[in-house]
Amino acid sequence: MHSDGLDTQRALAARFIALSRVGTALMREVDENRLLQLIAETACELTGAQFAAFSIRPIDETGQPLVPSEGYLFHLAAVVGVTKEQKEFFQHVPLGGEGLLAPIFHHGVSVLVSDVLTHITHASNLSSTATRQSAREAAFAYVHGELPSEQLRSMGVPRGHPLVRSFLGAPLLDRDKQVRGGLLLGHGEPGQFTPEDEVLLTSLAAQAAVALENARLYRMTQLRAQELHAIFESITDGIVLVNQHGEIVRENEAARLLRTSLQQEPSLAALLHTPAQMALTTQSIQEQSVVVANETGDVKEYVVTASPLHLAEKASGPLQQEGIHQQPLLQLSAGAVVVWHDVTERRMRERERVAYAEAEARLVLLQKILDELPSSVYLVYGEDARLMLANRATQAVWGAVWQRDVPMQTFLQSQGIKIFGTDGRPLAPMHLATIRVLKQKTPVYQHEESIRQPNGTTLSVVVNAVPLDLPRPFPFAEMTKQVTSEPCAIVVHQNVTALKETEQLKDEFLALAAHELRTPLAILKGFAQTLLVQTARGKGPTLAEWQTESLQGIDQATTRMVELTEDLLDVTRLQAGRLELQKEPTDLIALVQRFVGKLQLTTQHHLLLHSELPHLVVAIDPRRIEQVLSNLLGNAIKYSLGDEPVEITLSQDDANEMAVVRIRDYGIGIPTPQHSRLFGRFARADNAQAHGIGGTGLGLYLCRELIERHGGRIWFQSVEGEGSTFFFTLPLLSPASSDAIL
Ligand code: ADP
């Protein structure tokens, strides 16, 4: 197309320059779209084409074509020198192995046509199938060098295609000589492209193919590098790469965070320097446990692994790419990789598991021991006494299974269990030992209760309930949370039904014996009295002195025996709940004065009565209160060895509206260890027996029962060898209530 030789040379030089420029650009460009555009533009520029279309076949990530080379839509990668409409047209036209494109897309051979018009078959008598067939055959012959390009058949230029007379097309072949795309050039004038253009285009296409492959590889490498980077950073273990000098070359986020949180150098040495050094010099370190403390003082445990790292001479690939590497890894010929795996949680869980297993084992042992105890033992918590733990005997006591965490009242009600006091009356919940210990937080000892089980069986039990300070954490792990702030108590029930039955038999026997003794004693006393009185009146013969004394002895002993049997009967009445009080408003001062006056006649001890009040009106059974006075004053006299006085003081406790009686003696006193049990039945102090002072140990028991049944209280203070003071109180009668009683 250039006639002038100089021009031709210049054009050739320009072409050469352009080609080498594009070659360099092609090698440098890694953006595929820009690359394709550059190729298309260069092709136009070098050949003087009016337009160029660059289409490529869609491929997958690995470079494999997604569609066959013929008859499918190729992806229009770049286009130069066309209108918008024409571009649109190119995007939708299939690039088949038809006509002039067949050698390019079907066989991978370039095509140069000086005038497309001369290739179009105008014979109207040929069917389109025949035309297509002959075009195919021509293409086949052409690619095999059996036909000049002038003999190729065109299937015509479709509507919308830019006007094309000169046509030059070259295939893009990949490494496997597969058609990867086509570079198609056109010109509106015929004869625009030369065979040199064809050679040029073919070589450009070859370069483009390599550049495209590079771009694809680069894209993939970059993707992979990003993937690896993302994985590396997201690993929760800390990973550190060090070079042969032990310097950190690369580390992930987890490692960075941990390293910067460490304050002390020794921690970093244990975690990193030492393992890295060992990996660099000798061998890899497997699973070494390291404990470190971070800046907030939290202790963490890591399993450290370190292994030598040998990189290939020419380190290549993803790690060096832009934005990914931190240090020039290329310089790393040897090094080590250290991995920190945080096992703090795991170790903690392991320790917890061991502790839990130990606690469980202790609990099982405790439960076994408890189950073997004959008495019922259970633990309760909360003011409503929810069950925490119970032994086997508990079930026998209640006659039902008390489930864990169920409040006592709910359990009793649901099972129809009733609890009674010693007087046979139902006990209100707040009086039950189990509830009381939790509410008052003080121990309840020897509380007698009787339990009526669901099947009607009644058990007599003695309950001891003691508040507990549970150790934290409490071995019953699952309950620890519930009980931390709530009161707890251990409750022991001792089944005393058999004992009670024996006692009842004894009481019945006593009652019977005392009752049976009454009549003969009355007769004995009657006859002794008759003899004494009648003799004194001069009836019958006069008795010798020794006879009178004997009769008096009989009389006194009988009186004593009557008193004793009365005491015994009272005890049995009290036990059976049959002792009735005949209460009436009484002036306690007058009653005590009368009683003391009578008693003074029978004793040498001075009975000193003192009261600043004229009256103290109480609602009492006078006979029973006299019985109390008789016991207490009798004791005061009996346990005074000489003729020490006995002081009786009457006063009023305004705060509690009580009359207070105080009886003080200077006798033998009571040893302190025995104070607590003297109000029990048949209880006597050691020193009384040691002094040979007779007694039954029933008096104080009766006194307490009688006083308490009057709504009063009785107690004493005593020092052995110095004497004793007994107190009792009785509720005062207000004028209003005294009217009510009268
Ligand atoms: P007893 O018939 O033995 O006197 P009590 O029930 O009246 O029975 O008294 C119980 C015990 O308390 C006595 O045996 C005695 O040891 C002691 N006791 C009671 N009162 C006194 C007192 N005033 N001084 C010393 N000991 C006393």
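Read the numbers this way: they start at 1 and go in the same order the structure lists the ligands and their atoms.
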Donor-acceptor contact present, side-chain Thr565 to main-chain Leu517, <3.5 Å: no
Shortest non-hydrogen separation from Val618 to Pro731 and the atoms involved: CG1-O, 3.4 Å
N or O contact, Tyr701 vs ligand 1, cut-off under 3.5 Å: no
Identity and separation of the nearest protein heavy atom to atom 3 (O) of ligand 1: Arg684 NE, 2.5 Å
Per-residue contact class, Leu700 against ligand 1 - non-hydrogen pairs under 4.0 Å: both
Contact with ligand 1 for Leu678, non-hydrogen, under 4.0 angstrom: yes
Min heavy-atom dist Lys638 to ligand 1 below 4.0 Å: yes
Which residue and heavy atom of the protein sit nearest atom 7 (O) of ligand 1, plus the separation: Asn635 ND2, 2.8 Å
Atoms of ligand 1, numbered as shown, that sit under 4.0 Å from any heavy atom of Gly695: 1 (P), 2 (O), 3 (O)
Ring centroid separation Phe726 to Phe716 under 6.0 Å: yes
Leu432, Val380, Asp384, Leu438 screened by side chain to side chain contact (heavy atoms under 4.5 Å, CB included) with Met408, the one that passes: Leu432
His691 side chain to Asn687 backbone, donor-acceptor under 3.5 Å: yes
Residue-ligand contact Gly667/ligand 1, heavy atom below 4.0 Å: no
Ligand 1 contact by Phe726, heavy-atom criterion under 4.0 angstrom: yes
Asp665, portion touching ligand 1 at heavy-atom distance under 4.0 Å: side chain
Atom 2 (O) of ligand 1: the protein heavy-atom neighbour that sits closest, reported with distance to 0.1 Å: Thr696 N, 2.8 Å
Short side-chain donor-acceptor distance under 3.5 Å, Thr558 and Asp555: no
Ligand-side contact atoms (ligand 1) for residue partner Ala688, heavy atom cut-off under 4.0 Å: 15 (C), 16 (O)
Atoms in ligand 1 with a heavy atom of Leu698 nearer than 4.0 Å: 6 (O), 8 (O)
N-O pairing of Asp621 and Arg709 below 4.0 Å: no
Taking every non-hydrogen atom, the tightest pair across Leu609 and Gln593: CD2-CG, 3.2 Å
Nearest neighbour in protein (non-hydrogen) for atom 4 (O) of ligand 1: Tyr639 OH, 2.7 Å
Top protein contact for atom 26 (N) of ligand 1, by heavy-atom distance: Ile670 CG1, 3.3 Å
Validation row, ring centre His493 to ring centre Tyr378 under 6.0 Å: yes
Lys/Arg-Asp/Glu bridge criterion (N-O < 4.0 Å) met for Glu345, Arg349: yes
Contact check: Ala685 vs ligand 1, nitrogen or oxygen atoms, below 3.5 angstrom: yes
Close-contact set for ligand 1 against Ser724 heavy atoms, below 4.0 Å: 22 (C), 24 (N), 25 (C)
Electrostatic pair Arg573:Asp570 at N-O distance under 4.0 angstrom: yes
Shortest reach to atom 11 (C) of ligand 1 by a heavy atom, considering only Gly680, Ala683, Gly669: Ala683
